[in-house]
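Report on the structure given below.
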Amino acid sequence: MHISVNVRFLLPGDKLEGIGRFTYEVLKRMVVAHPEHTFHFLFDRPYDERYVFASNVVPHVLLPPARHPLLFVAWFEGAVALWLKLNRPAVFLSPDGFTTLGTRIPRLTVMHDLAFEHFPQDVMGLVRRYYQFFSPRFARASERLVAVSEATRQDIVQTYGIAPTKISVVYNAADACFRPQPQATQQDTRDRFSAGKPYFLFVGALQPRKNLVNLLRAFDQFKTATGSPMKLLIVGRTAWKAGLIFEVYQQLQHRHDVHLTGRVTDAELVQLYAAALATTYVPYFEGFGIPIVEAQACGCPVITSNVSSLPEVAGTAARLADPFSVDSLATALIEVAGNANLRATLVAQGLQNARRFSWDASAAALWTALSEMLNE
């Protein structure tokens, strides 16, 4: 069987984030597990050879690079649709929420979240219009959908009127490299990143939905209330509409205890999770929330939001807070920082919760969804 796959999020270099990480982890397992099938990887730019995972992967570069709404249309409705028409694969698998309307090839589409439907103000104008026009059409045109959480599945059902039987759930996971680190390594990490002080950690792109504005204000309130030497480390690239984040940062009374590290390597990220007093990941909407599982796998207590998919992913192994309330977030910071027994409980439960998720299981579940679609 010939399987075509949209892999435009497999970017050259060390630039994989949520959707790219999902694409990478499930595909490298699927192609190895099914050598009897040929996988045609459709890139939108020159590719990194490390993404040709096995001899049954055939890479293709289709232009133009799809990084703008007009180019989304040109790539999916032009280049991809034409390639599918000429090559007639058995299926078109798209792990990034987009697909093409211009084909009769069966489509399996992975949808990660519908945040743009609920918080359209967080998305740039032309991008928002593309999402809102095409996403419901992609959902209805796909023979089968995959959601990355039950919360996302229910959102697709309620927002787009898709039958729940058409949607499978395939979770994200943490890579095997995310695990607890020795005390000496933890201290070295604190010496390098937080002047030897304990710290809260945030991991994610700097954009409105990640709720850094309220997290920063809550941290300032925590510092004023406790006089703690705690730092806040913010790890991630500056994405879109981040201006208010930096404005609030400049207004903080304790801004000198907030450090923006930018991107770090995977090895550094493991060390940062393991050495943190707690990970503070409090978006007001999320399709899954990989940092929760990564932190838990590293033995790090987690503070997260009580909305969307986050309680589902965190299980009972996190201190939940209202992401829309600075007071609620600050209270959670105070409780976790001040209660060693609570932290120990969250660590133990978190390590157990993280075992619910594995990329092997995710790859197998995605393959099952694809197989079931083709057999229907």
Side-chain angles (χ1 to χ4, degrees), residues 6-9 11 15-20 22-23 44-45 62-81 94-102 107 109-142 145 147-148 151-152 155-156 158-162 202 204-217 234 236-251 260 262-263 282-289 305 307-309 323-324:
N6 158 26
V7 292
R8 68 190 185 96
F9 271 81
L11 298 173
K15 298 180 180 179
L16 297 182
E17 293 181 345
I19 295 175
F22 179 93
T23 303
D44 71 341
R45 61 191 62 208
L62 308 181
L63 299 176
R67 290 297 181 274
H68 180 278
L70 297 179
L71 297 178
F72 295 163
V73 177
W75 198 72
F76 283 102
E77 306 307 325
V80 171
S94 184
D96 69 5
F98 295 176
T99 188
T100 175
L101 302 177
R107 283 151 289 184
T109 305
V110 181
M111 304 195 85
H112 295 263
D113 67 71
L114 301 184
F116 56 88
E117 297 284 11
H118 304 288
F119 299 96
Q121 68 275 12
D122 291 347
V123 186
M124 304 296 284
L126 198 55
V127 174
R128 179 178 66 247
R129 278 186 269 177
Y130 178 90
Y131 285 173
Q132 292 180 331
F133 179 84
F134 279 100
S135 287
R137 289 166 173 80
F138 291 156
R140 295 173 190 129
S142 298
L145 298 174
V148 295
T152 298
D155 197 14
I156 295 168
Q158 294 166 11
T159 305
Y160 292 157
I162 303 297
F202 167 86
L206 278 64
Q207 50 113 323
R209 182 166 51 88
K210 301 303 182 181
N211 202 29
L212 277 163
V213 166
N214 280 354
L215 177 60
L216 288 169
R217 289 171 173 158
I234 296 176
R237 68 181 175 93
T238 300
W240 57 89
K241 289 198 169 186
L244 183 58
I245 296 171
F246 292 103
E247 287 179 24
V248 171
Y249 166 77
Q250 290 297 333
Q251 296 166 4
L260 288 79
R263 286 182 181 272
V282 290
Y284 49 74
F285 195 93
E286 194 65 79
F288 182 85
S305 305
V307 298
S308 64
S309 66
F324 300 100

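Note that these values count all heavy atoms, side chains included, but never hydrogens, waters or copies made by symmetry. The structure presented is a predicted model; accordingly, all values stated were derived computationally and were not measured.
Side-chain atoms of Thr109 never come within 3.5 Å of backbone atoms of Thr99 as a donor-acceptor pair (strictly under, hydrogens ignored). Remark: side-chain polar atoms of Ser135 are paired, donor with acceptor, to backbone N or O of Tyr131 under 3.5 angstrom. In this structure a side-chain-to-backbone donor-acceptor pair under 3.5 Å is missing from His112 to Gly18. For the pair Arg140 (side chain) and Ile162 (backbone), a donor-acceptor distance under 3.5 Å is absent. Put simply, the side chain of Glu77 gets close to the backbone of Leu101: a donor and an acceptor are under 3.5 Å apart. At distances below 3.5 Å, at least one donor-acceptor pair connects side-chain atoms of Trp75 with backbone N or O atoms of Leu62. Between the side chain of Ser305 and the backbone N or O of Val307, no donor-acceptor pair lies under 3.5 Å. Under the 3.5 Å distance criterion, the side-chain polar atoms of Lys241 are matched with a main-chain donor or acceptor of Gln121. A side-chain donor-acceptor contact under 3.5 Å links Arg107 to the backbone of Ala141. Listed for the Ser309 side chain is a donor-acceptor partner under 3.5 Å among the backbone atoms of Glu286.
Expressed to the nearest 0.5 Å, how far CG of Leu212 lies from CG of Leu244 amounts to 10.5 Å. Note that OG1 of Thr152 is 11.5 Å distant from CG of Leu145, once rounded to the nearest 0.5 Å. One finds the CD atom of Glu117 at 11.0 Å from the CZ atom of Arg128 (value rounded to the nearest 0.5 Å). Between the CG atom of Asp96 and the CZ atom of Phe9 there is a distance of 5.5 Å, given to the nearest 0.5 Å. The CZ atom of Phe22 sits 10.0 Å away from the CZ atom of Phe288 when rounded to the nearest 0.5 Å. Atom CG in Leu63 sits 10.0 Å away from atom CZ in Arg45 (nearest 0.5 Å).
Taking 4.5 Å as the limit, some side-chain heavy atom of Leu114 sits within range of a side-chain heavy atom of Ile156. Side-chain contact between Phe246 and Leu206 is present, with at least one heavy-atom pair separated by less than 4.5 Å. By the 4.5 Å heavy-atom criterion applied to side chains, Ser94 and Phe138 are not counted as neighbours. Looking at Ser308 and Tyr284, their side chains never come closer than 4.5 Å, going by heavy atoms from C-beta outward. At a threshold of 4.5 Å between non-hydrogen side-chain atoms, the residues Ile234 and Leu216 count as touching. Using a 4.5 Å heavy-atom cutoff, the side chains of Asp155 and Met111 are not in contact. At least one side-chain heavy atom of Arg8 sits less than 4.5 Å from a side-chain heavy atom of Phe98.
The heavy-atom pair separating Pro95 from Asn6 by the smallest distance is CD-O, 3.0 Å. Smallest separation of non-hydrogen atoms from Ala81 and Thr100: CB-OG1, 3.7 Å. Of all heavy-atom pairs between Pro120 and Gln132, the closest is CB-NE2, 3.7 Å.
Salt-bridge formation is detected for the pair Asp44/Arg67: a Lys NZ or Arg NE/NH1/NH2 atom is positioned less than 4.0 Å from an Asp or Glu carboxylate oxygen.
Ring pair Phe76/Phe72: centre-to-centre distance not below 6.0 Å. For Phe285 and His118, the distance between ring centers is under 6.0 angstrom.
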Open item on the list: Let's go through Asp113 and Arg209 carefully: what are the C-alpha distance in whole Å and the side-chain angles of both, what is the deciding distance for side-chain contact (heavy atoms from CB on, under 4.5 Å) to 0.1 Å, and is it a yes or a no?
Closed with: CA-CA 12 Å; Asp113 67 71; Arg209 182 166 51 88; 4.0 Å; yes
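Both tests pass for Arg137 against the ring of Phe133: distance under 6.0 Å to the centre and angle within 45° of the axis.
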